[in-house]
Participant: 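Below you'll find the structure I mean.
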Amino acid sequence: MPEAPEVQTVISTLASQIKDSTIVDVTVYYDKILETEDFVNKIKGQSFLSFSRIGKYLIFTTEKYDFVVHLRMEGKFYIMDTFPKDLKHIHVIFHLDDGRYLCYHDTRKFGRMALYDKVDNKYDCPALKNVGWDVLDDRFNAMYFYNKIHKSNRNLKTALLDQSIQAGIGNIYADEICFMSRLDPRSRCSRLSKKDCEKIVEMTKYIIKGAIKAGGTTIRSYTSSLGVTGLFQLQLHVHTKKDEPCEICHNKIIKTVIASRGTYICTHCQKRK
DNA sequence: AAGTTCCCCTGTTAGC
DNA sequence: TGCTAACAGGGGAACT
């Protein structure tokens with residue numbers, strides 16, 4: 001499931017591949033993907049001028065619009081030199097002026113795309129009205145995070161996954177952030193100190209930046225038309241490591257459920273507050 | 001107001 | 001072996 005680093009990889013790759021391409025036609029096979037009215041007619045004739053990311057949202061800016069995409073769990077873009085033969089799971093195809101096709105592929109059909117009038121500050125885009133600062137934005141800092149959570153009765157993991165506080169963390173990185181911060185994700189937010197928040201924010205930025213670097217490294221081995229999936233290899237410390245020994249203390253990592261998300265914890269290294 | 005639950009989907013895995 | 005049921009998960013709507 002793409003989180004901020006994977007989305008960054010996707011947007012960077014697309015920027016290098018389709019910048020200044022013009023959309024001459026759009027074929028839609030599953031229109032629930034499209035959230036705004038008259039999407040196809042509006043986007044026809046528009047060109048991909050600039051590319052940005054806030055949290056897990058991809059933002060393609062054209063002459064008139066911000067074209068906003070959320071990949072949710074399994075959304076992927078493929079660039080094809082010829083019209084795809086296998087249309088299974090392909091829901092939207094953008095025909096580009098140079099003859100290539102930008103294909104949106106999504107097995108679970110959870111992804112969404114929308115078109116809004118272009119704005120200078122992307123945080124003002126209606127698609128992002130409930131989205132907090134991107135995790136790499138300087139405004140996502142320790143005091144901001146502390147002020148957002150210190151009166152909350154929720155647990156730490158729920159706060160990390162709450163995109164209205166900070167945007168870009170998904171289930172995998174939430175576990176990794178808690179591990180690196182040595183805090184149990186079940187800890188109550190109201191019991192966390194400013195020091196804890198400093199550590200959490202520091203580790204969040206460290207992990208996300210590291211993952212973006214890893215993604216950037218991996219992407220170079222891609223052959224051009226094969227696709228833009230944003231997959232990358234990152235060394236995980238706890239997530240998916242059920243029953244494996246913690247690399248620090250060698251106790252078994254446990255799996256539990258928090259906020260209906262599978263959650264991995266080293267209960268020895270990660271303090272529950 | 002804050003927090004929780006349900007729902008959207010379908011490939012994969014567990015259970016019989 | 002082959003079937004069905006349970007499960008996974010991001011985010012928004014609906015609900016408490």
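Source: prediction; values computed, not measured. So that the names make sense, note that chain A is the first sequence line, chain B the second, and so on, each numbered from 1.
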Participant: Under a 4.0 Å threshold between the charged nitrogen and the carboxylate oxygen, would A:Lys44 count as salt-bridged to A:Asp25?
Facilitator: yes

Participant: How many Å lie between CZ on A:Arg112 and P on B:dC8, as a whole number?
Facilitator: 11 Å

Participant: Looking for any heavy atom pair under 4.0 Å, which part of the strands does A:Thr158 touch: base, sugar-phosphate only, or nothing?
Facilitator: nothing

Participant: Evaluate the ring planes of A:His150 and A:Tyr146, with Trp represented by its six-membered ring, and classify them as parallel (under 30°), tilted (30 to 60°) or perpendicular (over 60°).
Facilitator: parallel

Participant: Just call it for A:Arg154: base, sugar-phosphate, or nothing, with non-hydrogen atoms closer than 4.0 Å on any strand.
Facilitator: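 Sugar-phosphate only.
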
Participant: Between A:Asp162 and A:Arg154, is there a salt bridge with N-O shorter than 4.0 Å?
Facilitator: yes

Participant: Quickly work out the A:Asp162 CG to B:dA1 P distance and round it to whole Å.
Facilitator: 16 Å

Participant: Only one of A:Tyr57, A:Tyr116, A:Phe51, A:Phe94 forms a ring-ring contact (aromatic ring centres under 6.0 Å, His included) with A:Phe67, so which one is it?
Facilitator: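 Considering A:Tyr57, A:Tyr116, A:Phe51, A:Phe94, a ring-ring contact (aromatic ring centres under 6.0 Å, His included) with A:Phe67 is found only for A:Phe94.
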
Participant: Any base atoms under 4.0 Å from A:Glu74, or only sugar-phosphate, or nothing? Heavy atoms, all strands.
Facilitator: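 Here A:Glu74 touches no strand at all.
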
Participant: Over how many whole Å does the gap from A:Tyr104 atom OH to B:dC9 atom P extend?
Facilitator: 13 Å

Participant: Decide if atom CG of A:Asp138 counts as having more than 12 heavy atoms of other residues, nucleotides or ligands within a radius under 6.0 Å.
Facilitator: no

Participant: So, is A:Ser260 close to the B:dT5 phosphate, meaning a side-chain N or O under 4.0 Å from OP1 or OP2?
Facilitator: no

Participant: Do the charged groups of A:Asp86 and A:Lys88 touch, with an N to O distance under 4.0 Å?
Facilitator: no

Participant: Taking any atom closer than 4.0 angstrom to a non-hydrogen atom of chain A, what span of DNA chain C does the protein reach, first nucleotide to last?
Facilitator: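 Contact boundaries, 5' end first: C:dA8 to C:dG12.
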
Participant: Can you tell me how far P of B:dG11 sits from CG of A:Asp106, to the nearest Å?
Facilitator: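 Rounded to whole Å, this separation is 11 Å.
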
Participant: How long is the line joining CG of A:Asn155 and C1' of B:dG3, in whole Å?
Facilitator: 11 Å

Participant: What is the distance from NZ of A:Lys76 to C1' of B:dT10, rounded to the nearest Å?
Facilitator: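 These atoms are roughly 13 Å apart.
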
Participant: At under 4.0 Å between heavy atoms, what does A:Asn153 touch on the DNA or RNA strands: base, sugar-phosphate, or nothing?
Facilitator: sugar-phosphate

Participant: Below the 4.0 Å mark, does B:dC8 have OP1 or OP2 next to a side-chain nitrogen or oxygen of A:Lys109?
Facilitator: no

Participant: Atom CE of A:Met73 and atom P of B:dC7: how far apart are they, to the nearest Å?
Facilitator: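 The answer, rounded to whole Å, is 16 Å.
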
Participant: Does A:Lys255 pair with A:Asp243 as a salt bridge, N-O distance under 4.0 Å?
Facilitator: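 So A:Lys255 does not pair with A:Asp243 through a salt bridge.
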
Participant: Would you say a side-chain N or O of A:His89 is under 4.0 Å from OP1 or OP2 of B:dC9?
Facilitator: no

Participant: Figure out the CD1/P separation between A:Ile258 and B:dT4, and round it to whole Å.
Facilitator: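 The distance from CD1 of A:Ile258 to P of B:dT4 comes to 12 Å, rounded to the nearest Å.
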
Participant: Which residue lies toward the 5' end of DNA chain C, A:Lys129 or A:Arg72, if each is placed at its nearest nucleotide?
Facilitator: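 Here A:Arg72 is the residue nearer the 5' end.
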
